[in-house]
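Everything on this sheet refers to the single structure shown next.
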Number of protein chains: 2
Amino acid sequence: MQDNANKPDRRQARTKQLLYEALMDLVREKGAENVTVTDIASRANINRGTFYLHYRDVPDMLQQLKDDVFSRIRAKVEKLDIKEAWAYADRDEAYPQGVIVFDELAKHADFLRTMVGAQGDMSYALRFRELFTAHIYEKVKYVPEGKSIMPPDYFVAYVTSANFGFLMHWIESGMNLTSEEMARIMIRLMHYGPLVSLGLKEVPPGGAKIAEER
Amino acid sequence: MQDNANKPDRRQARTKQLLYEALMDLVREKGAENVTVTDIASRANINRGTFYLHYRDVPDMLQQLKDDVFSRIRAKVEKLDIKEAWAYADRDEAYPQGVIVFDELAKHADFLRTMVGAQGDMSYALRFRELFTAHIYEKVKYVPEGKSIMPPDYFVAYVTSANFGFLMHWIESGMNLTSEEMARIMIRLMHYGPLVSLGLKEVPPGGAKIAEER
DNA sequence: CTTTGTATTCAACAGAGTGTTCATTAATAG
DNA sequence: CTATTAATGAACACTCTGTTGAATACAAAG
């Protein structure tokens with residue numbers, strides 16, 4: 001029942017592992033919404049009643065797994081220091097703590113691909129977008145007043161979606177760039193904008209800001 | 001819904017309308033996955049059996065509604081002519097066919113907010129992103145080789161996500177810009193990139209390309 | 001090795017929702 | 001008005017749910 005942080009019984013660990021594998025299989029096969037407790041128990045060769053000793057129902061199981069992965073990733077994201085990151089961006093080096101974040105994402109590649117992909121959960125994806133927005137793109141909010149033809153909230157949506165789409169593509173396409181490459185490209189995208197990142201424009205000597213604003 | 005088809009019996013139309021209203025209510029209340037046929041029939045004051053005269057099950061009903069809205073919007077999107085649009089962009093006018101697209105989106109505001117929002121369906125959202133990508137952002141694929149530090153598919157993900165996030169924000173925030181404003185801003189974003197759109201850079205006399213590349 | 005605690009199993013249960021059928025009632029179009 | 005078709009109500013077998021109580025299997029500690 002309750003978590004004995006000290007010693008998880010072998011049987012519990014085994015059961016949880018089997019339930020997890022069965023769930024992931026089934027979600028990939030039929031989509032998260034069509035998976036039943038009976039399915040999971042049967043696939044895992046576990047008594048149906050045993051499922052209820054671990055989780056309230058299927059949504060609860062998914063939620064616990066999502067929360068677990070999310071908090072692991074959040075822990076790494078919260079250690080990011082933007083100013084430090086920009087120092088690395090100027091030298092075109094990968095910011096170490098950034099690499100750690102991408103490593104953590106890669107660690108949960110399978111789970112994230114399933115939960116954030118086409119069969120995935122929109123609100124879970126948005127939760128990540130908000131996490132990154134809160135810790136990385138805060139500055140974006142300070143858009144200069146005046147000549148802009150678009151409201152600031154629209155600009156925030158534009159920029160955060162761009163970066164998040166970039167990240168999603170990495171996850172969905174099989175993570176075929178290393179964490180170092182991702183960290184380097186992403187901080188560059190944020191710091192200098194897409195033009196410099198594409199090599200179509202020189203890096204300004206004094207440094208630049210998001211989307212080449214100033 | 002639609003009035004012009006040959007001979008939709010009044011009773012059928014009435015029933016479909018009641019089922020539709022009940023479904024939308026319930027999806028907003030409990031999320032699409034938790035709505036039962038019994039729920040819908042009861043909310044609509046319709047015999048449960050009658051539901052099955054119109055739809056196979058709840059997912060089927062949602063699918064039909066989604067397909068219907070999607071094809072209406074696609075019909076407008078397919079009439080877009082990018083070159084024509086850019087002529088309007090240069091004059092900073094709203095491209096009429098673009099306005100028509102946004103009007104069509106606005107027509108289905110409620111439905112889209114429900115289906116593409118946080119409680120929404122990821123694959124449906126991606127379907128729209130692909131539609132827009134295919135008809136609007138084709139050019140983005142032709143990223144100049146060479147100095148770029150990011151693979152082209154990543155750049156496509158970056159740019160299309162940016163524009164799609166912009167659109168989603170319009171839908172989710174209550175569509176508080178007119179179709180004309182949206183059409184003007186969006187074509188400008190695509191044509192000149194965010195800098196010019198933000199008024200932080202002058203429009204180049206000869207015209208520019210996506211994200212100020214050239 | 002034995003004891004002790006507990007995780008898991010098994011069978012059974014009522015409840016809710018499903019999808020179908022059929023005879024009956026009601027509304028519609030012509 | 002009449003023939004047609006939609007909607008109703010009731011019943012059916014079915015699946016999945018979430019819970020219970022007694023029996024069993026297994027892990028950890030002495």
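This is a predicted model, so every value here is computed, not measured. Only this structure's heavy atoms are used, side chains among them; waters, hydrogens and symmetry mates stay out. In what follows, chains carry the letters A, B, and so on, assigned in the order in which the sequence lines appear, proteins first and then strands, with residues in each chain numbered from 1.
- Between the CD1 atom of A:I40 and the P atom of D:dG18 there is a distance of 11 Å, given to the nearest Å.
- Where B:R10 and B:R56 meet DNA chain C, the nucleotide closest to each residue was compared, and B:R56 sits on the side nearer the 5' end.
- With B:S71 contributing its side chain and B:D68 its backbone, the two residues share a donor-acceptor pair below 3.5 Å.
- As a whole-Å value, the separation of B:D57 CG from C:dG19 P is 5 Å.
- Judged by distance alone, with hydrogens and angles left aside, the side-chain atoms of A:Q97 form a donor-acceptor pair with the main-chain N or O of A:K76 at under 3.5 Å.
- For the pair B:N34 CG and C:dA16 P, the computed distance is 17 Å after rounding to whole Å.
- Ring centroid separation for the pair A:Y55 and A:F51 comes in under the 6.0 Å cut-off.
- B:T15 is not listed as a side-chain neighbour of B:L18, based on a closest heavy-atom distance of 4.5 Å or more.
- Between the OH atom of A:Y55 and the C1' atom of D:dG18 there is a distance of 18 Å, given to the nearest Å.
- Rounded to an integer number of Å, the gap from CD of B:E33 to P of C:dG17 is 17 Å.
- B:Y124 places a side-chain N or O within 3.5 Å of a backbone atom of B:K66 that can act as its donor or acceptor partner.
- In summary, B:R127 and B:D121 do not engage in a salt bridge, as defined by a charged side-chain N under 4.0 Å from a carboxylate O.
- For A:T38, no side-chain nitrogen or oxygen approaches OP1 or OP2 of D:dT15 to under 4.0 Å.
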Sugar-phosphate or base contact per nucleotide [nucleotides 4-11 of chain D; S, B, -; heavy atom under 4.0 Å]: -BBSBB-B
